Structure formats: structure tokens, C-alpha cells
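For the numbers below, each heavy atom of this structure counts, side chains included, while hydrogens, waters and symmetry mates do not. Residue numbers begin at 1 in each chain, while the letters A, B, ... track the order of the sequences. Please read these numbers as outputs of a predicted model, since none were measured by experiment.
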Protein chains: 2
Amino acid sequence: MPVIALPDQPLDETSPTPLYFQLRELIADAIKGGQCGPDCQLPSERELAEKYGLSRMTVRQATVALVSDGLLIRRRGKGTYVAPPKYERGLFGLTSFSEDMKKRGLTPSARIISLRQVPAPSKTADIMGLAPGSTLVLLERLRLADDQPMAYEFSYLSFQRFPDLTEDLLGAGSLYELFWARYGIRLSHAWQSIEAVLASPREAKLLSINQGAPLLLLERTAYDETNTVVEFVKSLYRADRYRFSVQLQQNAGKWKGDG
Amino acid sequence: MPVIALPDQPLDETSPTPLYFQLRELIADAIKGGQCGPDCQLPSERELAEKYGLSRMTVRQATVALVSDGLLIRRRGKGTYVAPPKYERGLFGLTSFSEDMKKRGLTPSARIISLRQVPAPSKTADIMGLAPGSTLVLLERLRLADDQPMAYEFSYLSFQRFPDLTEDLLGAGSLYELFWARYGIRLSHAWQSIEAVLASPREAKLLSINQGAPLLLLERTAYDETNTVVEFVKSLYRADRYRFSVQLQQNAGKWKGDG
DNA sequence: GCCATCTAGTGGTCTATACCTCTAATTCGA
DNA sequence: TCGAATTAGAGGTATAGACCACTAGATGGC
């Protein structure tokens, strides 16, 4: 039962950032650093208070927040521990196809069907908060899992924001990774709806299924931190290979799940 | 800008329930009571502390928790207010068909197809944590919205737990309301999966659609506070009338959504 | 050898106080 | 009359100390 290692440097008393918040980041970084896995123990509140010259209440303000973030677990009479990476927690929320497949133990890849500029359909323009007829980038891809067709995907992106997207840039990789690596965009939240539809002849052919086979239609509108729409995606998933799961909570409508 | 009214009776100092928790429930009940809508102001922390004979820190412990529950909003320099009922929040999580339809502006009802005892299929017994062959209550219902078929639903319940379920008890009402009213059971969380399937002849006839039409298959396993399975439900929703939506969050995998 | 008791250390609750920043209304001067 | 300064009151941060309930290991009696 190892104890997690925290930096010895004192906190910055002069910073406008509150002390409890500094400590919170410190601990969060140490956990995410991963040198100390689940069930790893945190120094006791009294030890932390002495180490950083804080009162115990201030230390608690940091650790309590981390507990509600799901990074720590408290056990009365025993101590505070790094939370185990629960299956339903943390990892997800807003995941890309690539992440999703990896979590399912499958190897994701993609075949680009087309990448071109299109005038925004009125419904799409409305969703993306653009003027009707604005130029959009339409990325049409076949998503594969273990080299078998899994989904047929249409991604609409603002041309103004992504004027230089090329097939080379995309490769077979994750669009979300590209957002971050090339454009510095981090997605913060999304709205997603799920419907059941039947495969058209074209969809059936691409997905290697029969015409009229059931498909899950996922529509996702993803936002960045400034609440601007980054992409609007329509994905058609093969129902025989894909199932969407969520965990529902009674309390405050907080959900934990996976797509 | 009215101020929310709180009971004048003092908290129970002798109770094993912590004072901050008592205050928290008090405020939560007052908000849920609904006599005071959004943007209604809470008495200041100092006022609450004096009113209930608490220190301000204890009052904060209650209000801070309510903020993270989404019931309150704090505005520095101004005050603490009842949170607006955000569309994506609170209302849901684990909702019954009846609640779900009401939120969509539809009137829910139900037609009982059958209510009988069956031996548990092995998969179902496994899911419900019972011995294979245990007796289950199978409730088969057609769910209507505005008197039009919306879903075809199979609910499996433990016979041991619900030995006296009758059609009269059920009426056309909500099963979840019955759980609470008659058995004192409150659901706490559930695991739900969503697939796309095609309508069989029987399903098509009951739902008034064509054979082979697309359906959303929702499977839900609902648990009570003791982590015991209360029910296992399979619902077939008409894809032309029903769409499932969720809001995804990047952060800690906390989801907010609606089915 | 076994079981009850003790004890050190943990998180859980609570108090009383202090000073900070922020907001908005009031006051006061030009 | 208008704008700047004051001020009251809100939440935000932080302290030091107290006692409680719980856990688990150590102690001690039988």
C-alpha cells in the first residue's frame, strides 16, 4: 500500500489562486501522473496540513473537491486513497470513435470516403450557429473496428475554422486528437441523440450489410469551452455490432456512461 | 425577487444526522416544494447561521453541497439563489416512461397485455442476481403516448419481492410510483443499453407499424439503494416516434440527459 | 490460544473568528 | 445633474482548535 508522492515545494502564498485550489491541482496532477495507482494512499489530512503550512480545513477543501471529482476516495478511520478507475467513470463522457472502440477492445481505423466543401444545409447551419449557405467542410468516413465496417459517419465542420483540413492530416487517426494537436481545441460538452433507422442501399453496401438492416443513428453536436459548435456529426452504426450503454442516476440527473 | 421561506423550528441537535445535512435537506425540500421558483434568493449565510444557531462554516457545508447538486447558485457579492431548472438537469436521470412522456408534452398511458409468473430465463436470472428458475413476475404492457402506441415493454420483477401485484394495483399508472407508494422502494441507479432492431410481426401489430420497421430496444436494469436489482425491463420503442437524447460532458464522465 | 479491551491514528463534524473580494446602493462633491 | 467615492452586505478563503466515530493493531487477561 504505497503512499502517493507530492512535491516538497511550498505553495505560492502570493498567488491570486487560492491555496486550497493550488493543493487540489497538485494532488490531481500527482494522480494523473500515474506513478501511483488505485488504492494508493494519500498522506493524512493532518500530515498535509503540516507539510504545506495549511490548516486542516483548507486541506479538506481540496480533498473533498477531489472526491467529488472522482479522483479520491475517503475511508473513515482509515485514510484517503486514489480512486480506482471505475469502468463507468472518468474515462468517458465525450469520447471519440477511436477511444470508444479501444475501450471495447477493438482496433479502430477509418477510410475516408470524401472530404469536400459544401454549402451548409439550413438545418445544419442552424445547429452550428452559422448563416444558411455558409461554407462547411464535410468529412465522410467509414469507421472500422478490427477492419470490419462499424459505422458510416458524416462530420460537418466550419470551413472558416478548419480551412486547411486535408486527407493527409487526417490519415486514419482520430479527428478529436487532431482538434487538440493542430488547432488547440478541446471539446467540453456535446448534445447527442440516438434513433433507429433502416439501411439504405448505399449505406448497406458500405457497411457490408443488407438493405433494410437496422442501424443506430447517432447525431452529435460538440461544443468547445467557449460554447461554440465545433462539429456536427451524423453516425450510422451497424446495430448488429454496436450497442450504446449509459448508467442512469436518480439523484441530480448526473449520468455516467459510455457510447 | 422573493426570499425562500424556511421552517422556524430548530434543528435536532441530538440526532445522529449531522446538522449540515439536516439543513441541507431542509433547504432542498423547500426548493422542491416549489413555493419559490428560480432566481428566488436564499437568506444570507450569516442569517442562516444565526437562525439555526450554527456557525457560518456549517451553513456553507450545506449550501456548497446543494450547489454541486445543482439546486442552488452562488453569486459572489450578491447572494445565493435557487438554480433555474435547466433543461438538461435535475428533472431526469432515472425516469419512468410516464415522466419521460410528460416531459415531452405527451399524455402517457398503458395497456396491460399480460401479468403472470414465469420461471426466470437463465440470462435474466443472472442479471437480477437470482437462482436460475426462480419465479419472476412478468408484466407485459403496451405504452401509449396521446393514446398512440409508443413502446412495447416487458418488465421482470422478483416474485418474492412483489408477490401481490395485480392489474388493479397497476391500473394505467406508473410502475415506479407504485414502487414508492406501496413498497417504499426508491430506485437509485440503473444501467441501460440501447440497440436498434426490426419489428417482428407480433410487435408490429401491437405497435401499429409495419413488420420490419426500425425499433429502439432499451434494456434497463434498475437498482435500489441497497444495490439490489428491482426490475429488468426490455422496451421496444417506435423509432418513428421516439428519440433518445443525452448530454455528454468531457470532464469527469458526468452525463446529463434524458431518454 | 483466544477474546476482550485499549489505544493511536484516521476522516467527520462543528465552532468562532478574521480578513478578503465583489456588488450595488447610497452618499457626497463639483 | 452627474460622476466618483463611500459603505453595507454578500460570498470566498483561511485559521486553530475541539470533539466524535470508526478502524485496526497492540495489549493484556483468562
Side-chain angles (χ1 to χ4, degrees), chain A residues 1-4 6 10-27 31 39-84, chain B residues 1-4 6 10-27 31 36 39-83:
Chain A
M1 188 189 346
V3 173
I4 200 165
L6 294 174
L11 302 179
D12 182 359
E13 304 252 7
T14 70
S15 162
T17 305
L19 297 174
Y20 80 89
F21 199 88
Q22 292 182 41
L23 179 58
R24 175 179 163 172
E25 295 288 286
L26 214 86
I27 298 174
I31 293 174
D39 290 332
C40 182
Q41 189 166 13
L42 199 71
S44 80
E45 296 176 348
R46 290 165 177 87
E47 278 171 15
L48 285 176
E50 193 183 4
K51 173 165 187 169
Y52 292 106
L54 301 171
S55 79
R56 198 180 141 214
M57 288 299 278
T58 303
V59 172
R60 280 181 69 85
Q61 206 172 345
T63 55
V64 164
L66 288 168
V67 167
S68 85
D69 282 351
L71 287 178
L72 290 178
I73 285 184
R74 322 177 67 106
R75 291 194 238 268
R76 175 198 289 225
K78 298 187 69 179
T80 305
Y81 301 84
V82 175
Chain B
M1 184 189 347
V3 173
I4 198 164
L6 294 174
L11 303 179
D12 182 358
E13 305 251 9
T14 70
S15 161
T17 305
L19 297 173
Y20 81 88
F21 199 89
Q22 292 183 43
L23 178 57
R24 175 179 165 173
E25 295 287 287
L26 214 84
I27 299 173
I31 293 173
C36 209
D39 290 331
C40 182
Q41 189 166 14
L42 199 71
S44 79
E45 296 175 347
R46 290 166 176 88
E47 279 172 13
L48 285 176
E50 192 182 5
K51 172 164 185 169
Y52 292 107
L54 301 172
S55 81
R56 197 179 142 215
M57 288 299 280
T58 303
V59 172
R60 280 181 67 85
Q61 207 172 345
T63 56
V64 164
L66 287 168
V67 167
S68 84
D69 282 351
L71 287 178
L72 291 178
I73 284 184
R74 323 179 66 107
R75 292 193 238 267
R76 177 201 288 232
K78 298 187 67 180
T80 305
Y81 301 84
V82 174

Next on the checklist: Less than 3.5 Å apart, any donor N or O on the side chain of A:T63 or A:R74 sitting next to an acceptor on the other?
Outcome noted: yes

Item to check | Atom-to-atom span, CZ of A:R56 to P of C:dT15 - whole angstrom | outcome: 15 Å

Checklist entry - Does B:S44 make a side-chain N or O approach to OP1 or OP2 of D:dA10 shorter than 4.0 Å? => result yes

Checklist entry - Is there a donor and acceptor pair, one atom on the side chain of B:R76 and one on the base of D:dG9, closer than 3.5 Å? => result no

Next on the checklist: On DNA chain C, does the nearest nucleotide to A:T80 precede the nearest nucleotide to A:M57 from the 5' side, or the other way round? Give the residue.
Outcome noted: A:T80

Checklist entry - Between A:S55 and D:dG17, is there a side-chain N or O to OP1/OP2 distance below 4.0 Å? => result no

Checklist entry - If you look at every strand shown and take non-hydrogen atoms under 4.0 Å, does B:E13 touch a base, only sugar-phosphate, or nothing? => result nothing

Checklist entry - OP1 or OP2 of C:dC22 less than 4.0 angstrom from a side-chain nitrogen or oxygen of B:K78, does that happen here? => result no

Item to check | Given D:dG12, C:dT15, C:dG12, the nucleotide with the shortest approach to the side chain of B:E45 | outcome: D:dG12

Next on the checklist: Need one value for B:E47: base, sugar-phosphate or nothing, where a base atom within 4.0 Å counts as base even if backbone is also close, heavy atoms only.
Outcome noted: sugar-phosphate

Checklist outcome for this item: Taking C:dG11, D:dG12, D:dT13 as options, the one with an atom nearest any side-chain atom of B:R74 is D:dG12

Checklist entry - How long is the span from the NZ atom in B:K78 to the OG atom in B:S44, to the nearest 0.5 Å? => result 15.0 Å

Checklist entry - Separation of B:R75 atom CZ from C:dA24 atom P, in whole Å? => result 10 Å

Item to check | Backbone of B:T14 reached by a side-chain donor or acceptor of B:D12 within 3.5 Å | outcome: yes

